[in-house]
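In what follows, a single structure is set out as structure tokens and then discussed.
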2 protein chains.
Amino acid sequence: MFTPQFFKALCDPNRMNILQWLAKKNKSCCVGEISTCCQVDLSVVSRHLSQMKAAGFLTSERRGKEVFYHVNAKTVVHVLRSLADFLDGCCLTKKLKGGEKND
Amino acid sequence: MFTPQFFKALCDPNRMNILQWLAKKNKSCCVGEISTCCQVDLSVVSRHLSQMKAAGFLTSERRGKEVFYHVNAKTVVHVLRSLADFLDGCCLTKKLKGGEKND
DNA sequence: TGCTCATATGCACAATTATGCAAATGATTT
DNA sequence: AAATCATTTGCATAATTGTGCATATGAGCA
């Protein structure tokens with residue numbers, strides 16, 4: 001579930017930037033448009049988008065000559081919350097209800 | 001806030017393993033003990049721990065000869081939830097009060 | 001002081017990753 | 001079909017990262 005592939009998609013500054021930029025847009029954007037949000041070559045952006053798509057962060061759809069990418073927010077949010085909940089359950093809330101066993 | 005450094009700490013399989021292992025323990029563990037949860041050399045584990053500490057994931061405390069590391073769950077959970085909330089706010093809940101559905 | 005144990009660090013090396021350019025692919029238009 | 005536009009991919013290269021071994025540091029103990 002918490003695969004390295006998933007978090008690798010988040011640990012590059014350009015990818016994080018793209019993710020947030022796309023999320024704010026909250027609509028499908030084509031590669032050329034997305035590439036305006038960071039400084040690197042468009043081909044690099046294309047590769048980042050592919051990688052994020054492979055990690056389940058994005059979905060894509062071709063419309064004519066262009067390919068539109070969109071944030072798969074549901075999936076990303078779910079994984080992030082799952083890890084947060086796991087850590088929370090282990091280390092924060094569990095103790096309060098009197099459980100003493102942790103592994 | 002969503003620094004590459006933070007997510008870099010999550011994107012190595014050994015570090016992710018260490019994080020979950022330590023969270024399940026939910027107590028301070030020394031390096032030697034922690035190193036039993038993954039296959040790599042103890043010196044490598046030591047480096048991973050340092051890195052995770054630098055990223056704010058762990059706290060450490062020396063007791064005699066040993067150094068004990070503990071998950072800083074509050075911080076990690078907060079960052080994960082913040083990103084989840086940001087994406088959620090942009091792409092999931094925001095539109096709903098306007099009436100339209102998002103998948 | 002020396003000795004031992006636990007951890008950290010220097011170093012070299014292998015593996016991975018990010019990048020830009022050039023060329024290829026896919027799709028529309030003329 | 002040829003031309004054009006948008007995106008992807010091949011390739012080379014630079015940069016970063018993960019790893020193990022050997023050594024250093026720091027702390028207690030004989």
Side-chain angles (χ1 to χ4, degrees), chain A residues 2-22 25 27-72 76 79, chain B residues 2-22 25 27-72 76 79:
Chain A
F2 309 129
T3 63
Q5 188 196 31
F6 181 91
F7 292 99
K8 277 199 176 119
L10 288 173
C11 74
D12 176 80
N14 286 319
R15 283 192 295 271
M16 178 55 80
N17 191 33
I18 289 169
L19 176 68
Q20 295 185 66
W21 187 91
L22 258 180
K25 289 278 177 183
K27 60 170 186 176
S28 293
C29 298
C30 69
V31 181
E33 197 182 351
I34 297 169
S35 77
T36 63
C37 85
C38 49
Q39 309 282 26
V40 295
D41 195 80
L42 188 141
S43 69
V44 173
V45 172
S46 172
R47 263 185 261 258
H48 282 316
L49 292 170
S50 297
Q51 184 181 342
M52 293 166 83
K53 183 185 174 186
F57 279 54
L58 304 178
T59 55
S60 72
E61 176 200 356
R62 182 178 271 277
R63 290 184 214 153
K65 285 187 284 195
E66 296 164 308
V67 176
F68 287 78
Y69 285 89
H70 187 265
V71 175
N72 188 357
V76 185
V79 177
Chain B
F2 310 129
T3 63
Q5 188 196 32
F6 181 91
F7 291 99
K8 276 197 177 119
L10 288 173
C11 74
D12 176 80
N14 285 320
R15 284 192 295 270
M16 177 55 79
N17 191 33
I18 289 169
L19 175 68
Q20 294 185 68
W21 186 91
L22 258 179
K25 290 278 179 185
K27 60 171 185 176
S28 293
C29 298
C30 70
V31 181
E33 198 182 351
I34 298 170
S35 76
T36 62
C37 84
C38 49
Q39 309 282 28
V40 294
D41 194 83
L42 189 140
S43 70
V44 173
V45 173
S46 171
R47 263 185 262 259
H48 282 316
L49 293 169
S50 297
Q51 183 179 344
M52 293 166 82
K53 184 185 174 187
F57 278 53
L58 306 177
T59 55
S60 71
E61 177 199 357
R62 182 178 272 278
R63 290 184 213 153
K65 283 186 284 192
E66 296 164 309
V67 176
F68 287 78
Y69 285 89
H70 187 264
V71 175
N72 188 357
V76 185
V79 177

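So that the names make sense, note that chain A is the first sequence line, chain B the second, and so on, each numbered from 1. Just so you know, these numbers come straight off a predicted model, no measurement behind them.
- Side-chain contact between A:Thr36 and A:Trp21 is present, with at least one heavy-atom pair separated by less than 4.5 Å.
- Only A:Asp41, A:Ser43, A:Val44, A:Arg47, A:His48, A:Gln51, listed by number, bring a heavy atom of residues 41-57 of chain A to less than 4.0 angstrom from any atom of DNA chain C.
- Less than 4.0 Å separates DNA chain C from no heavy atom of any residue of residues 15-22 of chain B.
- In this structure, A:Glu33 places its CD atom 19 Å from P of D:dC5, rounding to the nearest Å.
- No side-chain heavy atom of A:Gln51 sits under 4.5 Å from any side-chain heavy atom of A:Arg47.
- To the nearest 0.5 Å, atom CD of residue B:Glu66 and atom CD of residue B:Glu33 are 8.5 Å apart.
- Between A:Val76 and A:Phe6 the shortest side-chain heavy-atom distance falls below 4.5 Å.
- Nearest-nucleotide assignment on DNA chain C puts the 5′-proximal partner with A:Asn14, out of A:Asn14 and A:Arg62.
- B:Pro4 approaches A:Cys11 most closely through the heavy-atom pair CB-O, 3.6 Å.
- Residue-to-nucleotide proximity on DNA chain C shows that, of A:Gly64 and B:Lys65, the 5′-proximal contact is made by B:Lys65.
- For C:dA6, the OP1/OP2 oxygens have no side-chain nitrogen or oxygen of B:Tyr69 closer than 4.0 Å.
- Here C:dT17 presents its P atom at 16 Å from CZ of A:Phe7, a figure rounded to the nearest Å.
- Contact annotation for B:Phe68: no contact, since no heavy-atom pair falls under 4.0 Å across all strands.
- Using a 4.5 Å cut-off on side-chain heavy atoms (C-beta onward), B:His48 and B:Cys38 make no contact.
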Applying side-chain contact (heavy atoms from CB on, under 4.5 Å), run through B:Arg15 and B:Met52 and close with a yes or a no.
-> CA-CA 8 Å; B:Arg15 284 192 295 270; B:Met52 293 166 82; 3.8 Å; yes
Could you walk me through whether A:Leu10 and A:Phe57 pass the side-chain contact (heavy atoms from CB on, under 4.5 Å) test, one step at a time?
-> CA-CA 9 Å; A:Leu10 288 173; A:Phe57 279 54; 3.3 Å; yes
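- Closest to the side chain of B:Glu66, from the set D:dA6, C:dA6, D:dT7, is C:dA6.
- With contacts defined as side-chain heavy-atom distances shorter than 4.5 Å, the pair B:Cys37/B:Ile18 qualifies.
- Residue A:Ile34 contributes atom CD1, which lies 11 Å from atom C1' of D:dT7 at whole-angstrom precision.
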